[in-house]
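Since this is a predicted model, take the numbers as computed values, not measurements.
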Protein chains: 2
Amino acid sequence: MLETTDERAGMPAVSATEGRPPGSAGTQRRRAGRPSAAVLDKAGITAAALELINRKGYDGLTMAALAKELDVAPSALYNHVAAKRDVLLLVEDHLTSLVDVSGFGPAPWEDAVRGWAWSYRNVFAEHTPLIPVIAVLPVTDAPQTLAMYETVSKGFLDAGFPQERIVSSIVALESFIFGSAYDVTAPADIFESGSMAEATPHFTAAVRSAAGQVDGPPADAAFSLGLEALIAGLGALREQRA
Amino acid sequence: MLETTDERAGMPAVSATEGRPPGSAGTQRRRAGRPSAAVLDKAGITAAALELINRKGYDGLTMAALAKELDVAPSALYNHVAAKRDVLLLVEDHLTSLVDVSGFGPAPWEDAVRGWAWSYRNVFAEHTPLIPVIAVLPVTDAPQTLAMYETVSKGFLDAGFPQERIVSSIVALESFIFGSAYDVTAPADIFESGSMAEATPHFTAAVRSAAGQVDGPPADAAFSLGLEALIAGLGALREQRA
DNA sequence: TCTAATAAATGAATGCCGTTCATTTAGTGG
DNA sequence: CCACTAAATGAACGGCATTCATTTATTAGA
């Protein structure tokens with residue numbers, strides 16, 4: 001149900017607050033009743049939600065806080081969204097538009113997928129609370145997300161992928177990407193077995209020898225390993241093109 | 001911080017409620033003060049939480065409902081867990097003990113990994129609200145989870161895996177498994193593009209041709225595709241064993 | 001053996017959160 | 001001109017996790 005107003009989002013929503021710095025509640029109160037010019041719209045709500053998330057994280061994204069950010073009563077939000085989930089949907093769809101799909105077309109299929117996957121993971125690693133929302137999200141409700149799927153699908157088709165395997169392939173890649181996004185947020189010492197170390201000798205040894213490798217964050221090593229395996233394995237499905 | 005009392009959990013916690021059907025609040029009230037025999041323990045809390053989840057889902061798992069299930073005041077729970085997160089941890093660790101790792105050892109590495117991954121995904125597909133918890137969970141706090149890692153690590157090592165790549169390989173597989181678990185819960189019509197169908201011709205065509213295939217749930221096709229790619233790709237890391 | 005500390009329960013209270021509803025005011029279509 | 005709808009306010013509501021004072025029972029130490 002999202003309109004494609006996304007081009008306006010991302011900028012600090014000047015329209016909504018008429019230049020007043022958002023969050024600094026204006027001195028004069030707005031009196032009750034419909035204002036001459038609408039204060040809220042979906043683009044403004046999206047931008048304010050993103051600003052709030054960046055400043056206070058997802059715990060800070062409450063309907064009350066969002067209303068304050070927009071200098072509005074909390075109940076006013078419900079004239080534009082049916083529930084908080086709709087706000088998360090707006091944010092999700094905006095973020096998806098930031099995922100880099102530019103490799104599809106010019107670059108070889110392997111490079112296009114690689115660039116897309118890294119970009120996709122990096123965007124949502126900062127927004128893992130959205131992942132449960134995305135997973136159950138009908139694409140109809142998210143036009144930017146649908147646009148991404150279209151670009152990727154075309155890339156797979158042009159690379160010689162059999163049409164009936166494209167969706168499954170994308171879903172498999174996405175599953176790996178979402179799971180890996182969580183991984184980025186894990187604490188560095190997540191695998192320290194502590195007092196139970198002597199009960200788990202093989203695992204403990206594996207953790208220690210992995211720590212010896214010094215190239216970048218461990219989440220990146222696992223992501224690279226899995227992604228290259230997926231690219232190789234899925235790439236084998238392609239037929240030779242005309 | 002979980003004790004390894006897990007063997008007792010899983011059964012309907014007779015110890016905690018002394019045979020009275022849990023949930024049917026006893027007629028006589030328990031008076032204030034410490035009772036002669038402890039009413040609560042971690043195994044009982046775990047079993048009651050699982051029972052509640054099975055009956056009402058994760059929305060029904062509230063501290064108040066859990067207390068009622070155990071015929072106890074909500075505040076009593078906080079003598080045994082520091083926060084609701086700890087309850088989820090107890091549940092997670094119990095579920096992990098249900099994951100089938102029996103293939104490691106007897107079966108060839110590929111078959112062992114395949115069986116483990118399917119089992120792991122199936123267990124947590126019913127418990128996706130736990131996934132964000134697992135992702136940030138230090139293994140020290142979950143002995144059963146640690147035991148699973150030990151078994152899997154040994155299986156990889158015995159199959160000729162280089163030690164320093166084992167953790168990354170397991171993490172990559174787990175990421176795919178967790179992402180795929182979400183996928184199972186997705187509605188069947190998630191990819192119906194509806195009114196925007198003509199704007200996304202390649203994707204719409206791909207969705208339709210995939211629907212033509214009739215073998216099992218679409219989530220299973222994607223999981224199988226990705227898992228086989230990962231097994232093939234990761235398997236290539238093995239050295240030839242002595 | 002008395003006694004202080006600790007453990008485990010009750011019950012009342014707190015603060016936050018998402019959401020609803022009555023009300024007010026402003027634009028809009030017939 | 002008038003009914004209807006859209007968009008705001010502000011006051012509620014129920015539910016949630018969590019805390020705290022209090023009571024009672026067990027346990028450790030002098």
Q. Salt bridge between B:Arg55 and B:Glu69, side-chain N to carboxylate O under 4.0 Å?
A. yes
Q) Please give, in whole Å, the distance from D:dA17 C1' to B:Leu61 CG? A) 12 Å
Q. For A:Thr62, which contact category applies under a 4.0 Å heavy-atom criterion: base, sugar-phosphate, or nothing?
A. sugar-phosphate
Q.
Between B:Arg31 and B:Pro74, which residue's closest nucleotide on DNA chain D lies nearer the 5′ terminus?
A. B:Pro74
Q. B:Met63 CE to D:dG14 P: how many Å, rounded?
A. 23 Å
Q) First and last nucleotide of DNA chain C touching chain A, 5' to 3', heavy-atom cut-off 4.0 Å? A) C:dC17 to C:dG27
Q: Nearest whole angstrom, please: distance from the P of D:dA12 to the OH of A:Tyr78.
A: 19 Å
Q: Would you kindly compare B:Arg85 and B:Pro35 by the position of their nearest DNA chain D nucleotide and give the one closer to the 5′ end?
A: B:Arg85
Q) Counting only heavy atoms not in A:Asn54, do more than 12 fall under 6.0 Å of its CG? A) yes
Q.
Just the rounded figure in Å: distance from C1' of D:dC16 to NZ of B:Lys56.
A. 16 Å
Q) Within this structure, what is the CG-to-P distance between B:Asn79 and D:dC20, rounded to whole angstrom? A) 13 Å
(Q) Parallel, tilted or perpendicular: which one describes the rings of A:Phe223 and A:Phe176, with boundaries at 30° and 60°? (A) parallel
(Q) Would you call the rings of A:Tyr149 and B:Phe191 parallel, tilted or perpendicular, taking 30° and 60° as the class edges? (A) perpendicular
Q) Is it true that a side-chain atom of B:Glu150 and a backbone atom of A:Phe203 form a donor plus acceptor pair closer than 3.5 Å? A) yes
